[in-house]
Visitor: 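Pasting in a structure now, in structure tokens, and then I'll have a few things to ask.
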Amino acid sequence: MWALIKIEAGYPFLPYHAYLCEPDKNATQPQERKVMHETRLRFPPSPTGYLHIGGARTALYNWLYAKKTGGKLVLRIEDTDADRSSEDSIQGIIDGLNWLGIDWDEGPYFQTEFSHEHRAAAARLVRHGKAYHCFCSKEELERKREAALKAKTAVGYDGTCRHLGEAEITARHERGIPSVIRFKVPERHGKLGYDDEVLGRIESDYEEIDDFVIVRSNGNPLYLLCNVVDDIRDRITHVVRGQDHMTNTIKQLLLYEALGAPVPVFAHMPLTLDTKKAKISKRSHGEIVAVQFYRDNGFIPWAFNNFLVLLGWSPGDDREIFSKEELIEAFSLDRINKSASIFNYRKDDPKFFTDPKAIAINEHYLRTMDVEALAPMVKDVLVKEQLWDDSYEGERKQWFLQTIELIRSRFHVLTDFTTMGRAYFSDDFQIEEKPLTKNLLKFPELQTLLPELAERYALLSDFSLEQTERLARECAERAGVKPGVIINGMRTVVTGQLAGPSLFEILITIGQQKVVERLCRTPQFYV
RNA sequence: GUCCCCAUCGUCUAGUCAGGUCCAGGACACCGGCCUUUCACGCCGGCAACACCGGUUCAAAUCCGGUUGGGGACGCCA
């Protein structure tokens, strides 16, 4: 069981380390022998919308630390607010985590399934005089709050019901006056605090802490309480969450104490802000902060994780690209940054649809990862656009892999295979405006030259790099134009693109028959 | 208004705890060059920051104090 070993002077709590120790009867100084229990972390999203990048990053950090320490990650859906929770968002969150490849060892648990425990805990606190019924009405409280705000004085509960007598409480209950349960913050002087793994020592004056509500008037327990009760039950050893929870942590410390439970290690990660330095949220930023958006826009899952982890953490050296194993190895809580980072997405930027660094990291993986590993991801986007052919996994597998290899260095996201790379997988593709005018319309002679060249290509028994290039250059020479005119004209007609790989490589890849057909179609673009 | 947290290039950051090796390193973005049938990749180069003031010290991005700025919390939301 838990052993309480070391008391830190001046604080009513044991430092967390103490709770992670097992007593050693033989040791003379048992506090020096720290036997760590299995680390247990949790990701507790509230199902009020899709998974957004802040949540994903929190999940990632928890997951990484669990993996690093050989511990467990618990997924717990905090659905205590029935009004705002939805089945859809539960599924959305799970889908998002699955896509990212963040797996969990236990759960998903649902907070509502444990409400009896939360109520029992609240009842126990009341019984022990550590919480009390408060009969102040919402309106009254709101009025006081407004007044305090207006008078520019402290905003917070004034303790009206804190000292109500037994008889008075019973009387009010009998009269049917609704009440909430408030936690009774101990009357102590001095400070309350904990050692944050990221921020260091965090302290707060007891006087600053208001008696907070733990159970609503309808009997439903609130987050502050549920969260602690669940963490105790789930034996959570490390709480890694955003800095927006810092004031909650102070209050929850009191709850742990009142419930007689060991305090976990806390690590508060910096928040991710938008380009105007406001906290990112689903409501004000929409799809650009949704994990799903990155899935749908051709991101490689691990590349996205790699980007996210760098938003507020660094390994201490110059490395930025990590394999899963490397990242787990390199990750640590104490190298998490203290200051908030900005998610530098560029709204309406024609070149970058999100943070340029995210795209850069994605490109890196897209261009360097093993083609065999990339192929299934390319398959997914092709399937979605009805460009997939089963032979790409059968007799044309080599062709498929080589084609990916040929075209990927120009791509940024997976969906580029279906847009810029469309002509490799389908005859139904558009000629882009720019190459049309620049490479085709500008040279009317191509209307006859390209079909002529097509005829020669059709007769070629050896449709090779050397032969296709030789005939193209001969064609240019006969017509008295620069080879580039022929080459870029062909690129345009064959791929629809202004830029691409070496043209003759393209021809071989697309194949003799299709190349001939496409070259013959040249005149139709001039009408 | 109160409390808490934070502060290095445009952005992500290294360096801060153990002051000198930092007229501050890397990445992305941007600009230029090389390569080239195009575009990209790649390679080479460039631009660009210690918020401010004071103190401690032989020496401060680094330690201390203050100022300013930014963020967060202050709910019968999570």
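Chain naming here is simple, since letters A, B, ... match the order of the sequence lines and numbering starts at 1 in each.
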Visitor: Which nucleotide in the list C41(B), C5(B), A29(B) gets nearest to the side chain of Ile202(A)?
Guide: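 Ranking C41(B), C5(B), A29(B) by closest atom to the Ile202(A) side chain puts C5(B) first.
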Visitor: On a whole-Å scale, what distance lies between the P atoms belonging to C30(B) and U11(B)?
Guide: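 One P to the other, the span is 16 Å.
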Visitor: When the C1' atoms of C12(B) and A48(B) are considered, how many whole Å apart are they?
Guide: 15 Å
Visitor: Quote, to the nearest angstrom, the C1' distance that separates C23(B) from A18(B).
Guide: 25 Å
Visitor: Can you measure Asp318(A) atom CG to G15(B) atom C1' for me and round it to whole angstrom units?
Guide: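 Answer to the nearest Å: 11 Å.
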Visitor: May I have the distance from Asp355(A) (atom CG) to C28(B) (atom P), rounded to whole angstrom?
Guide: 13 Å
Visitor: Using atom C1' of each nucleotide, how far apart are A27(B) and C47(B) to the nearest Å?
Guide: 16 Å
Visitor: Does Glu187(A) come within less than 4.0 Å of Arg162(A), counting only side-chain N to carboxylate O?
Guide: yes
Visitor: Taking only the P atom of each, what is the distance from A49(B) to U8(B) in whole angstrom?
Guide: 14 Å
Visitor: Using a distance-only criterion (donor-acceptor N/O pair, under 3.5 Å, no hydrogens), is the base of C6(B) paired with the side chain of Ser339(A)?
Guide: no
Visitor: Using the C1' atoms only, state how far A7(B) lies from G66(B), rounded to an integer number of Å.
Guide: 15 Å
Visitor: Tell me: CD1 of Ile177(A) to P of C76(B), nearest whole Å?
Guide: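 After rounding, the gap between these two atoms is 18 Å.
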Visitor: Sugar-phosphate atoms are those with a prime plus P, OP1 and OP2; base atoms are the rest. Using that split, label each nucleotide of nucleotides 32-37 of chain B B, S or - for protein heavy atoms under 4.0 Å, 5' to 3'.
Guide: -----B
Visitor: Between Arg76(A) and Glu78(A), does the salt bridge (Lys or Arg N to Asp or Glu O under 4.0 Å) criterion hold? Intermediate values first, please.
Guide: CA-CA 6 Å; Arg76(A) 195 172 65 220; Glu78(A) 305 218 320; 3.1 Å; yes
Visitor: What nitrogen or oxygen pairs link the protein and nucleotides 71-73 of chain B at under 3.5 Å?
Guide:
| unit_1 | atom_1 | unit_2 | atom_2 | d |
| --- | --- | --- | --- | --- |
| G72(B) | OP1 | Lys279(A) | N | 3.3 |
| A73(B) | OP1 | Lys279(A) | NZ | 3.1 |
| A73(B) | O2' | Thr247(A) | OG1 | 2.4 |

Visitor: Could you state the CG-P distance from Leu333(A) to C17(B), rounded to the nearest angstrom?
Guide: 22 Å
Visitor: May I ask you to say whether Asp234(A) pairs ionically with Arg42(A), meaning some side-chain N is under 4.0 Å from a carboxylate O?
Guide: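 Here Asp234(A) does not pair with Arg42(A) in a salt bridge, since their nearest N and O are not under 4.0 Å apart.
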Visitor: Classify the angle between the aromatic ring planes of Tyr109(A) and Phe114(A) as parallel (below 30°), tilted (30 to 60°) or perpendicular (above 60°).
Guide: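 Rings of Tyr109(A) and Phe114(A): perpendicular, over 60°.
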Visitor: For a quick test of reading the model: is some side-chain N or O of Arg201(A) closer than 4.0 Å to OP1 or OP2 of C4(B)?
Guide: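 Answer no for this pair, as no side-chain N or O of Arg201(A) is under 4.0 Å from OP1 or OP2.
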Visitor: Round to the nearest Å and state the distance from Leu440(A) atom CG to U38(B) atom P.
Guide: 18 Å
Visitor: Hey, is Glu477(A) close enough to Arg473(A) for a salt bridge, meaning N to O under 4.0 Å?
Guide: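 A salt bridge is absent here (no side-chain N lies under 4.0 Å from a carboxylate O).
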Visitor: Using the salt bridge (Lys or Arg N to Asp or Glu O under 4.0 Å) rule, take Asp211(A) and Lys184(A) through it: C-alpha gap first, then chi angles, then the decisive distance, then the call.
Guide: CA-CA 5 Å; Asp211(A) 288 352; Lys184(A) 187 185 276 180; over 6 Å; no
Visitor: At less than 3.5 Å, do the side-chain atoms of Arg367(A) and the base atoms of C41(B) form a donor-acceptor pair?
Guide: no
Visitor: Taking the same atom, C1', in G69(B) and in C50(B), what whole-Å distance lies between them?
Guide: 16 Å
Visitor: What distance, rounded to whole Å, do you find between the two P atoms, one in G26(B) and one in A73(B)?
Guide: 37 Å
Visitor: Identify whether the distance between the nearest side-chain nitrogen and carboxylate oxygen of Glu203(A) and Arg201(A) falls below 4.0 Å.
Guide: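 Looking at Arg201(A) together with Glu203(A), the answer is yes, because their closest N to O distance falls below 4.0 Å.
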Visitor: Looking at Tyr61(A), does the NZ or CZ of Arg57(A) lie under 6.0 angstrom from its six-membered ring centre and within 45 degrees of the ring axis?
Guide: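 Judged by the rule (NZ or CZ under 6.0 Å from the ring centre, within 45° of its axis), Arg57(A) counts as positioned above Tyr61(A).
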